[in-house]
Protein chains: 2
Amino acid sequence: MLQLVLSIRFTRIMNNTRFATALHILTLLADSEGEWLGSEWIAGSINVNPVVVRKELGVLIKAGLVQSRKGKVGGYYLQKSSKSITLDEVYLAVKNTEVLGKKNLLPNPNCPIGKDINVHLGNLFSDLDQLVLHELRTRTLENFVAEFH
Amino acid sequence: MLQLVLSIRFTRIMNNTRFATALHILTLLADSEGEWLGSEWIAGSINVNPVVVRKELGVLIKAGLVQSRKGKVGGYYLQKSSKSITLDEVYLAVKNTEVLGKKNLLPNPNCPIGKDINVHLGNLFSDLDQLVLHELRTRTLENFVAEFH
DNA sequence: ACTAACTGTAACAAAAAATGTTACAATTAA
DNA sequence: TTAATTGTAACATTTTTTGTTACAGTTAGT
């Protein structure tokens with residue numbers, strides 16, 4: 001029963017703008033090296049609420065991609081060079097489930113297929129996730145930013 | 001304005017159990033060749049509502065993967081052999097957006113980055129989608145079903 | 001010390017998306 | 001004619017995402 005509750009809580013998915021938002025933020029930071037950017041300014045470029053930006057920046061900070069400075073002249077700055085940031089790091093920071101989506105929670109254990117389906121789906125989902133991560137790892141933030149010039 | 005509304009309407013994503021459900025259905029059909037399965041029975045294996053199953057089957061029928069029979073001894077049957085069904089067909093049938101998620105709707109057109117971000121994100125998203133489709137194309141329903149034996 | 005301009009986060013509100021449900025017309029075998 | 005089924009619309013509910021308000025904590029400049 002506890003297991004069930006836990007699997008409900010952690011079965012989430014990537015059905016959102018978080019990757020787009022995170023990469024937008026990082027692109028802005030990479031493109032304005034030397035300056036610390038504020039959440040208000042970043043939010044103006046993405047056209048979302050500044051609090052949403054600060055929350056996402058919190059995630060990027062935890063992932064070691066961004067640093068922040070508090071106080072009057074506070075703001076955000078890349079923690080590593082854009083050359084050393086690969087897009088799989090961004091994806092891993094924001095993702096909360098697999099690319100093929102969710103599994104059904106309680107397939108029938110008395111059915112030969114239902115009994116094992118989530119194991120086999122799990123393998124498939126995991127394979128596809130690895131594939132995506134591997135590809136994203138070949139792409140750097142520097143590469144991405146260069147496309148804008 | 002109309003464009004905006006349309007882009008909202010069609011900016012959906014794969015944050016659901018539809019791929020899992022569709023593949024579960026197809027696995028059952030492939031595994032019981034010779035019999036027509038009813039939506040109630042299928043729903044019992046997945047443990048979801050029969051109407052949800054019928055809706056998803058409607059999608060698989062449109063995709064040319066399943067056929068149906070109405071009336072008293074109605075039910076569902078594969079339209080093609082499991083050997084000739086590849087998993088990209090399943091994914092294409094159920095998917096409604098790209099694997100990396102959604103883009104933000106209205107990035108600032110007065111910002112050099114915001115102005116072009118969706119074009120570049122679009123290219124990236126599309127690349128990753130192609131990668132996933134290509135991999136899924138190498139896997140058949142027959143292969144998948146074989147894992148259960 | 002005081003103020004102004006920030007970050008960090010909690011708590012809540014609103015909107016959007018996914019899933020479940022009821023109901024019933026249409027179909028078909030017996 | 002009946003019983004069992006598909007197909008689908010309409011609506012309800014739940015879950016997830018996104019937005020918002022509020023404010024404590026921090027820091028530079030006066």
Side-chain angles (χ1 to χ4, degrees), chain A residues 5 7-22 24-25 29 35-44 46-62 66-77 94-97 101-106, chain B residues 4-22 24-25 29 35-44 46-62 66-77 94-97 101-106:
Chain A
V5 173
S7 75
I8 291 172
R9 294 194 54 80
F10 292 108
T11 303
R12 307 251 178 97
I13 190 175
M14 186 69 200
N15 61 346
N16 52 35
T17 57
R18 291 186 58 206
F19 182 83
T21 300
H24 192 147
I25 291 170
L29 293 176
E35 314 172 58
W36 291 70
L37 303 183
S39 62
E40 198 97 23
W41 194 89
I42 294 172
I46 306 177
N47 202 2
V48 293
N49 194 286
V51 179
V52 172
V53 171
R54 292 205 289 274
K55 284 174 185 167
E56 207 57 59
L57 276 159
V59 171
L60 297 174
I61 288 168
K62 275 193 197 111
V66 172
Q67 57 183 307
S68 72
R69 192 166 69 177
K70 294 179 184 177
K72 179 138 186 196
V73 294
Y76 301 89
Y77 203 96
V94 304
K95 94 167 216 159
N96 42 25
T97 191
K102 295 192 252 190
K103 305 182 192 72
N104 285 289
L105 243 43
L106 296 168
Chain B
L4 172 57
V5 172
L6 288 175
S7 75
I8 291 172
R9 293 193 56 78
F10 291 108
T11 303
R12 306 252 178 93
I13 188 174
M14 187 68 197
N15 62 344
N16 51 37
T17 58
R18 292 187 58 207
F19 182 83
T21 300
H24 192 147
I25 291 171
L29 293 175
E35 314 172 60
W36 290 71
L37 303 183
S39 63
E40 198 97 24
W41 194 88
I42 294 172
I46 307 178
N47 202 2
V48 293
N49 194 285
V51 180
V52 172
V53 171
R54 293 207 288 276
K55 284 174 187 168
E56 207 60 58
L57 276 158
V59 171
L60 296 173
I61 288 168
K62 276 192 198 110
V66 173
Q67 57 185 304
S68 71
R69 193 166 68 176
K70 295 179 185 177
K72 180 139 184 195
V73 294
Y76 301 88
Y77 203 95
V94 304
K95 94 167 215 156
N96 43 26
T97 192
K102 295 192 251 188
K103 306 182 193 72
N104 286 290
L105 243 44
L106 296 167

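Numbered from 1 within each chain, the chains take letters A, B, ... in sequence-line order.
Residues A:Val48 and A:Thr17 form no side-chain contact, since every pair of their non-hydrogen atoms from C-beta on lies 4.5 Å or further apart. Using a 4.5 Å heavy-atom cutoff, the side chains of A:Trp36 and A:Val73 are not in contact. Residues B:Asn16 and B:Asn96 have side chains in contact (heavy-atom distance under 4.5 Å, counting atoms from C-beta outward). With contacts defined as side-chain heavy-atom distances shorter than 4.5 Å, the pair B:Asn104/A:Asn47 does not qualify.
Distances shown here put every side-chain N or O of B:Asn49 at or beyond 4.0 Å from the OP1 or OP2 atom of C:dT19.
Here D:dT18 presents its P atom at 8 Å from CG of B:Asn104, a figure rounded to the nearest Å. Atoms NZ (B:Lys72) and C1' (D:dT1) sit 11 Å apart, rounded to a whole Å. In this entry the distance linking CG of B:Asn47 with C1' of C:dG20 reads 12 Å, nearest Å. The CD1-C1' distance, from B:Ile46 to C:dT19, rounds to 13 Å in whole Å. Counting to the nearest Å, the C1' atom of D:dG19 and the CG atom of B:Leu105 are 14 Å from each other. In this structure, NZ of B:Lys102 is placed 13 Å from C1' of D:dG19, rounded to the nearest angstrom. Rounded to whole Å, the distance from CD on A:Glu56 to C1' on D:dG19 is 14 Å. The separation between A:Tyr77 atom OH and C:dT7 atom P is 16 Å, rounded to whole Å.
Listed by chain and number, the residues in a side chain to side chain contact (heavy atoms under 4.5 Å, CB included) with B:Glu40 are B:Pro50 (sequence neighbours excluded). For A:Asn49, the side chain to side chain contact (heavy atoms under 4.5 Å, CB included) partners two or more places apart in sequence, or in a different chain, are A:Val51, A:Val52.
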Pairs under 3.5 angstrom, nitrogen or oxygen only, protein versus nucleotides 7-9 of chain D, please.
unit_1	atom_1	unit_2	atom_2	d
D:dG7	OP1	B:Ser68	OG	2.5
D:dG7	OP2	B:Tyr76	OH	2.8
D:dG7	N7	B:Arg54	NE	3.0
D:dG7	O6	B:Arg54	NH2	3.1
D:dT8	O4	B:Arg54	NH2	3.4

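Heavy-atom distances under 4.0 Å link DNA chain D to B:Gly38, B:Ser39 of residues 35-44 of chain B, given in residue order.
With D:dG19, D:dT18, D:dT27 as the candidates, the nucleotide lying closest to the side chain of A:Val48 is D:dG19.
Residues A:Lys103 and B:Ala20 approach most closely at CA-CB, 3.9 Å, considering heavy atoms.
Residue pairs meeting the salt bridge (Lys or Arg N to Asp or Glu O under 4.0 Å) criterion with at least one partner in residues 67-76 of chain B, sequence neighbours excluded, do not occur; the list is empty.
With rounding to the nearest 0.5 Å, the separation of NZ in A:Lys102 from CZ in B:Phe19 is 16.0 Å.
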